[in-house]
Amino acid sequence: MILLSALKVNVDIFYYITAAIVYGCIAVLVVLSLYYGRRARRNVKKERVSRLPDGFSPLDVQRIFIGKTFPRRITRALVAWWAERGYISVTRTGFFTVELKRQKAFPYHYSKNAVFFDRGTYVRERDLFAKLFGRKGSVTVNLFLPMFRKPSKDKDEKYATREDVGVYSAKHYRLKIIALLLSVAPFVAATLFMVIEKGHSTLLVTLGMAAIGLFVLKFMTEIPIPFRLVWCGMWLGVPVGMLIASNLPPNDPAFINIAASAAMLIGTMVLVQFVDYRERINLSDYSDIVNYRKFLLRCKAEELSEEDYRAALPFIYAFRIKPLVGGKFKQFAAPEWYTDRRGEKRGAIL
């Protein structure tokens with residue numbers, strides 16, 4: 001009896017040590033995410049920005065916000081941007097589709113006619129434009145699907161640098177790694193407790209399954225998200241379900257298995273995104289973008305002109321705020337580069 005009591009005490013001690021590890025990691029992760037997630041916002045200058053610099057493109061918005069460009073995600077923004085710059089004309093051919101006709105080619109970055117904010121982003125954009133049209137004079141695209149199936153990579157190292165240069169420092173990536181480790185540590189700790197103290201050795205296999213599923217879900221971004229979710233439903237869902245089912249309340253009074261599973265899923269997919277430690281040189285550009293977005297959201301319709309509308313349209317799509325601000329622009333006619341399905345230059349565009 002004494003031996004059994006001693007074993008029970010030891011199990012309880014290890015249980016609460018595991019609980020402390022699980023909830024300690026979660027607490028540190030939340031504090032880290034909240035503190036660094038607000039760092040860039042704390043440095044935003046309070047000023048009115050009603051226009052972005054000449055040559056500033058939707059790809060620059062992505063680069064400055066997240067350190068990378070994903071042209072597959074901003075089809076409508078790029079169509080409006082290229083059309084407004086005179087590179088294409090747009091004809092509506094269906095409810096979701098438009099025909100893009102090439103009007104001129106992008107000038108090379110060293111040309112005096114090239115206007116850009118960031119040279120590397122401009123070169124990437126020029127390559128994407130050339131890839132889209134090839135030798136064709138026109139293409140039909142679905143505005144709600146990616147124009148580019150695979151990301152384009154710049155090959156000329158003389159002008160193309162890493163997109164995150166001037167955006168994030170090495171400390172940013174160290175913090176990201178720490179946040180990822182804090183997200184998965186509770187799940188590993190809870191699983192090892194169940195293996196060592198409860199004898200559920202099969203959970204070691206599911207730990208490997210969870211690692212594979214999480215890697216695919218988080219990093220295999222070339223796979224469309226619906227397929228990743230379906231595939232990872234087994235590779236992540238089974239390990240999480242088995243861990244939770246292996247020690248249900250009231251045998252798990254601290255709910256460590258549930259908390260560990262939630263920390264892994266929410267932490268790796270959501271909280272880690274808030275960790276943001278960018279270079280100070282980039283904070284001014286970031287501030288301008290944030291203030292311009294605020295201007296579009298808060299300004300009244302009478303404060304805007306047709307010129308404001310044409311300049312803002314690509315960024316309205318890039319910011320994904322069209323439903324919130326579209327009503328302010330109904331008073332303006334469609335741009336000259338747009339033709340609706342009846343062959344008339346009117347109506348709501350894109």
Please check: side-chain N/O of [X] versus main-chain N/O of [Y], any donor-acceptor pairing under 3.5 Å?
{"X": "K104", "Y": "G86", "value": "no"}
{"X": "D252", "Y": "N257", "value": "yes"}
{"X": "R310", "Y": "E84", "value": "no"}

Query raised in the report: Centroid-to-centroid, Y122 to F106, below 6.0 Å?
Result: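 Close enough - the centres of the two rings lie under 6.0 Å apart.
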Any chance the rings of Y286 and F65 have centres within less than 6.0 Å?
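Aromatic pair counts; centres sit under 6.0 Å.
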Note to self: Can you confirm if the NZ or CZ of R73 lies within 45° of the ring axis of F70 and under 6.0 Å from the centre of its six-membered ring?
What the structure shows: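 Yes, cation above the ring, under 6.0 Å and within 45°.
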Find out if a path of hydrophobic residues (ILVMFWY) with successive side-chain heavy-atom gaps under 4.5 Å connects [X] to [Y].
{"X": "F116", "Y": "Y108", "answer": "no"}
{"X": "M269", "Y": "L34", "answer": "yes"}
{"X": "V115", "Y": "L59", "answer": "no"}
{"X": "F215", "Y": "V184", "answer": "yes"}
{"X": "V188", "Y": "L181", "answer": "no"}

Below 4.5 Å, heavy atoms only, C-beta onward: do [X] and [Y] meet side chain to side chain?
{"X": "Y87", "Y": "Q103", "result": "no"}
{"X": "F255", "Y": "I258", "result": "yes"}
{"X": "S138", "Y": "E99", "result": "yes"}

With rounding to the nearest 0.5 angstrom, report the NZ to CD1 distance, K171 to I178.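 One gets 9.5 Å once the value is rounded to the nearest 0.5 Å.
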| Spacing of CZ belonging to F96 relative to CG belonging to L143, to within rounding of 0.5 Å |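 Result: 10.0 Å between the selected atoms.
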Exactly one candidate in E125, R124, R63 meets side chain to side chain donor-acceptor pair (under 3.5 Å) with T69; the answer is R124
More than 12 foreign heavy atoms under 6.0 Å from [atom1] of [X]: is that the case here?
{"X": "K101", "atom1": "NZ", "value": "no"}
{"X": "D54", "atom1": "CG", "value": "no"}
{"X": "R320", "atom1": "CZ", "value": "no"}

Inset, instruction - Answer yes or no: is there an ion pair linking E303 with R48, defined by an N-O contact shorter than 4.0 Å? - result: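 Between R48 and E303 there is a salt bridge, with a charged N closer than 4.0 Å to a carboxylate O.
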* List the steps and the verdict of side chain to side chain contact (heavy atoms under 4.5 Å, CB included) for I17 and F193. => CA-CA 10 Å; I17 289 175; F193 171 78; over 6 Å; no
Should F117 and T121 be marked as a side chain to side chain contact (heavy atoms under 4.5 Å, CB included) after you check the CA-CA gap, both sets of side-chain angles, and the distance that decides it? CA-CA 8 Å; F117 182 78; T121 303; over 6 Å; no
Tell me whether the rings of F315 and F56 are parallel (<30°), tilted (30 to 60°) or perpendicular (>60°).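 Because their plane-to-plane angle lies in the 30° to 60° range, the rings of F315 and F56 count as tilted.
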